[in-house]
Amino acid sequence: MTRPGWGILATGGIAHAFTRDLVAEGFTVAAVGSRRLEAARDFAAAHGIPAAHGSYEQLVADPSVDIVYVATPHSHHAEHALLAIAAGKHVLVEKAFTLTQRQAQQVADAAAAAGVVVMEAMWTRFLPHMTRIRELVHGGALGEVRTVLADHTQSLPLDPAHRLQNPALGGGALLDLGIYPVSFAVDVLGLPTQVTARAALTATGVDRQTAMVLEYDDGRQAVLQTALDTAGPNRAAVIGTAGYLEIERTFYAPTTTTLFDPHGEVVERFAPEVRQRGMQFQALELEARVAGAAPTTLPLDESVAIMGVLDEVRRQIGVRYAADLEA
Ligand SMILES: NC(=O)c1ccc[n+]([C@@H]2O[C@H](COP(=O)([O-])OP(=O)(O)OC[C@H]3O[C@@H](n4cnc5c(N)ncnc54)[C@H](OP(=O)(O)O)[C@@H]3O)[C@@H](O)[C@H]2O)c1
């Protein structure tokens, strides 16, 4: 069976990283599209891609493209996902899925109406150590799970025009980095019943650092932090009545995880070998779903619900995007 053709929409940093993994792992990368033909041609030459398009419209219309990978800033995810869906293509949308939950629901509704598969590129979910963590958590190895601790903190460009600082491009720590601990907490504990957040903002009005507590009716908690101008441990822990898991730096990428008993004795340590950066696992799941498999790791309604958590965090910390005003 021939594999589906991937179309890369945008030529920025993560588009390069993801495409490198696809090519190295033998996926079919059929085309790339950029706002500038020159950029598309350079990208195609760098990765050995047969077709280069000077607009996103041309990319999604290319008959050799079955799956579009959207790698634009957060502000443009919904628009570009909808563009691909309207062309009848399946879509992998970079995290955070959209700017708002309303946009996320709009994309999910359009995908359902068009009968195409859409998935958020929360690549961490699909990594082998996360699969083992879910097995241990759901298999009862930790007893009753009570707490998740996680941070995603990096020292990133402070240029006010950079997408991370710019509210018009969906800037701030939360959507770029904070999405990882939030998505991890939801993976382990499910959706919270209550969210509390505090933040310090940048001069440009996006969150520089944000602390979050997700709470559950039965008393479980996730304590999460994110920041874009200070690099921290980037570790995570899952704590239960019969033991705890420590996920070493950097928890959201391939790394070592240890299961301890309540006395701190090692029960199991695992560090699955991962080729490349590890972005191929999400692509494998999307291809399986395109071939008819049911979602196993990140159903679209969970991505939509997570955007609701991020909306509530932003409401509490006072970070507003233009999309918040959309009807
Ligand atoms: N999974 C991960 O590990 C990971 C890591 C980093 C980022 N990301 C996510 O990937 C997305 C892109 O991040 P990035 O770091 O790759 O960003 P980036 O380097 O700034 O690239 C973004 C690309 O989007 C396109 N674009 C379209 N409209 C734009 C606009 N108005 N302003 C700027 N660029 C525009 C541009 O491509 P053309 O010029 O070719 O049109 C640009 O190169 C974000 O959602 C981010 O959260 C994921």
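What's counted below: heavy atoms across the whole structure, side chains too, no hydrogens, waters or symmetry copies. First listed ligand is number 1; within each ligand, the first listed atom is number 1.
Cation-pi geometry between Arg3 and Phe27 is met: the NZ or CZ atom falls under 6.0 Å from the ring centre, inside 45° of the normal.
Just one residue in the list Thr258, Thr257, Leu136 forms a side-chain contact (heavy atoms from CB on, under 4.5 Å) with Glu268, and that residue is Leu136.
Near ligand 1, heavy-atom contacts under 4.0 Å come from Ala10, Thr11, Gly12, Gly13, Ile14, Ser34, Arg35, Tyr56, Ala71, Thr72, Pro73, His74, His76, His77, Glu94, Lys95, Trp123, Arg163, Leu169, Asp176, Tyr180, Arg277, Met279.
Inspection of the Asp311 and Thr100 side chains reveals no N or O donor paired with an N or O acceptor under 3.5 Å.
Annotation: the span from Glu144 atom CD to Asp218 atom CG amounts to 8.5 Å, rounded to 0.5 Å.
By the 4.0 Å N-to-carboxylate-O rule, Asp21 lies too far from Arg277 to be salt-bridged with it. Under a 4.0 Å N-O distance rule, the pair Glu25/Arg275 qualifies as a salt bridge.
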